[in-house]
Each structure stands twice: as structure tokens, then as C-alpha cells.
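What follows is a single structure, written as C-alpha cells, with notes after it.
In this chain, residues are counted from 1 in sequence order.
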Amino acid sequence: MDQFMVSSAYVANLLIPVIVCILLVFLIIFIYRLTVIVKRLEKTIDKAEHSLDLVDKSMEKLQTPLNTVVKLSETVDKVHDAGVVAFKQSRDYINKNSKVIKEKISSVMSFKKKKDNSKTMADIHDEINENKEV
């Protein structure tokens, strides 16, 4: 058993420097790839920042037409609301004063009929002559 322990210690003394060298190589490769990734990440971030700046500029350009559309939409809404109110007020006025409106229309129509019936043949003859002169 002592011989086994001595042999193991000898093998371990030989393998430890080799294993440490292999781990050191892996560590160097890992650090190199990590630096490459960081550099690519910086480039990607710069490109993304540039793209975001372009998007911001485009949004600023679009903001003015969007404001105009919003104002126009508000105006259309106000006009629509005013039309609805005017229609309701007209309807209410006609409902409240329907009898008076009917009487006015009837009186105007009866006045016209009386006026038309009261014309004599001489008046009609004069109107025809006036139309010929024109």
C-alpha cells in the first residue's frame, strides 16, 4: 500500500503541471473569445444607438403631421357634436311649435289662393303682354 501511495504521488507530481498548462490554455482561449464578444457587443450597441437616433429623428418629423391630424379630428368631433345639438334643438322647436307652424303655413297658402283667385281676366291679359315684351 505504501508503494501505491508513493507511485500515486509521483504520477500526481508529473500530471499537475500538465493539467495546469492545459487549464491555462483553456483560460486564455476563454478570455480571448470573451474579448471578441465584448468588442462585437460594443459595435452592436453603437449600431443600435445609431438606429435609435434615426428612429428618434423620424418620430420628430412625424410628430407635426400627427399633431395636425389630432387637431383636425378634434375639429371634426366638435362640428359633429354641434350638428347633433342643432338637430335636437330644431326637433324640439318644431315639436313645441308645430301648431303655430301649421297655422302659419295654412295662412300663407290660403292668402296665395285668395290672391290668385282674385285676379281678373284683365290682369292676366296684362301679365301676358308684359311677358311678350320681355
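The structure places OG of Ser7 at 10.5 Å from CG of Asp2, a figure rounded to the nearest 0.5 Å. The line from CZ of Phe26 to CD1 of Ile31 is 14.0 Å long, rounded to the nearest 0.5 Å. A distance of 8.5 Å separates CG in Asp56 from CE in Met59, rounded to the nearest 0.5 Å. If you take CG on Asn67 and CG on Leu72, they are separated by 12.5 Å, rounding to the nearest 0.5 Å. Note that CG of Leu52 is 11.0 Å distant from CD1 of Ile45, once rounded to the nearest 0.5 Å. Between the CG atom in Asn95 and the CZ atom in Arg91 there is a gap of 7.0 Å [rounded to 0.5 Å].
Without hydrogens or angle criteria, Ser73 side chain to Val69 main chain gives no donor-acceptor distance under 3.5 Å.
Clustering ILVMFWY residues whenever any of their side-chain heavy atoms sit less than 4.5 angstrom apart, transitively, puts Val25 in a cluster other than the one holding Tyr32. Connection of Val79 to Val85 is not established within any shared hydrophobic cluster, with ILVMFWY side chains joined at heavy-atom distances below 4.5 Å, either directly or through further cluster members. Cluster membership for Val11 and Ile22, using ILVMFWY side-chain heavy atoms within less than 4.5 angstrom, is not shared.
Atom CZ of Arg40 has 12 or fewer heavy atoms from other residues, nucleotides or ligands within 6.0 Å.
For the pairing with Tyr10, the side-chain contact (heavy atoms from CB on, under 4.5 Å) check across Asn13, Leu14, Val6 returns one residue only, Leu14.
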